[in-house]
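All remarks here apply to the structure that follows.
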Amino acid sequence: MVKLRLKRCGRKQRAIYRIVAVDVRSRREGRDLRKVGFYDPIYNQTHLNVPAILYFLERGAQPTGTVHDILKKAGVYGTKT
């Protein structure tokens, strides 16, 4: 099963997160299938690759709670392909 989850990057006290598609059995910092965006909680910035996100969601990928909230706020669920 594939999940869309956050992967921590950046330095100490200055974290940014990549939104990645990963297999559920891998760790948070483990190997990802594809990078589909990033989220900066300090400046509240997001950059999303919407076609790639929709590709994984259509094939049954489950977003984690935080990623779901980020995608909802960005309006990804209202988009049609």
Side-chain angles (χ1 to χ4, degrees):
M1 177 189 224
V2 176
K3 277 198 178 262
L4 297 175
R5 77 168 59 145
L6 296 175
K7 184 175 184 178
R8 191 180 195 281
C9 300
R11 61 179 197 253
K12 191 167 42 170
Q13 301 296 318
R14 180 64 182 90
I16 62 170
Y17 296 92
R18 285 188 182 144
I19 301 170
V20 295
V22 296
D23 187 30
V24 291
R25 294 170 290 194
S26 65
R27 303 173 318 191
R28 180 188 72 174
E29 305 300 329
R31 186 164 179 228
D32 49 40
L33 299 174
R34 184 166 180 190
K35 298 174 186 82
V36 294
F38 78 87
Y39 170 62
D40 186 349
I42 294 174
Y43 295 112
N44 201 19
Q45 295 177 341
T46 58
H47 175 73
L48 302 172
N49 184 353
V50 177
I53 291 170
L54 292 175
Y55 171 84
F56 282 108
L57 289 175
E58 288 170 356
R59 281 153 183 78
Q62 297 293 316
T64 60
T66 307
V67 173
H68 181 271
D69 293 342
I70 292 169
L71 297 179
K72 192 175 186 181
K73 185 177 176 184
V76 171
Y77 291 114
T79 323
K80 298 262 183 180
T81 57

**Study point:** Heavy-atom closest contact (Ala15 atom, Pro41 atom, distance)
**Key:** O-CD, 3.7 Å

**Study point:** Test salt bridge (Lys or Arg N to Asp or Glu O under 4.0 Å) applied to Asp32 and Arg18, Lys7, Arg5, the passing residue
**Key:** Lys7

Study note, to complete from the structure: Between Leu4 and the options Val22, Thr66, Leu57, the side-chain contact (heavy atoms from CB on, under 4.5 Å) test singles out Leu57

Exercise for review: Would you give the length of the straight line joining atom CD1 of Ile53 to atom CG of Leu48, rounded to the nearest 0.5 angstrom?
Suggested key: 4.5 Å

Review point. Do the non-hydrogen side-chain atoms of Asn49 and Arg34 ever get within less than 4.5 Å of each other?
Key: yes

Check your understanding: Do Met1 and Leu33 belong together in a cluster built from hydrophobic side chains that touch within less than 4.5 Å?
Key -> no

Revision key, fill the gap. The reported gap from CD in Glu58 to CG in Leu54 (rounded to nearest 0.5 angstrom) is 6.0 Å

Review point. What about Val50 and Phe38, same hydrophobic cluster or not, with Ile/Leu/Val/Met/Phe/Trp/Tyr joined at side-chain heavy-atom distances under 4.5 Å?
Key: no

Check your understanding: So with a 6.0 Å cut-off around OH of Tyr55, is the heavy-atom count from everything else above 12?
Key -> no

**Study point:** Contact check, side chains of Tyr39 and Asn44, non-hydrogen atoms, under 4.5 Å
**Key:** yes

Review point. If every non-hydrogen atom of Gly10 is compared with every non-hydrogen atom of Ile16, which pair is closest and at what distance?
Key: N-CG1, 4.2 Å

Review point. How far apart are the C-alpha atoms of Val36 and Val20, what are their side-chain angles, what is the distance that settles it, and do they pass the side chain to side chain contact (heavy atoms under 4.5 Å, CB included) test?
Key: CA-CA 5 Å; Val36 294; Val20 295; 5.8 Å; no

Point to revise | Non-hydrogen atoms of His68 and Pro63 that approach each other most closely | key: N-CB, 4.1 Å

Exercise for review: Check Arg14 against Tyr43 and note the closest heavy-atom contact, atom names and distance.
Suggested key: NH2-CE1, 3.0 Å

Practice item. Work out which heavy atom in Ala21 is nearest to a heavy atom in Val2; give both atom names and the distance. Key: CB-CG1, 4.1 Å

Practice item. Starting at CG of Asp40, measure out to NE2 of His47 and round the result to the nearest 0.5 Å. Key: 13.5 Å

Check your understanding: Would Ile42 and Ile70 show up in the same hydrophobic cluster when neighbours are defined by side-chain heavy atoms closer than 4.5 Å?
Key -> no

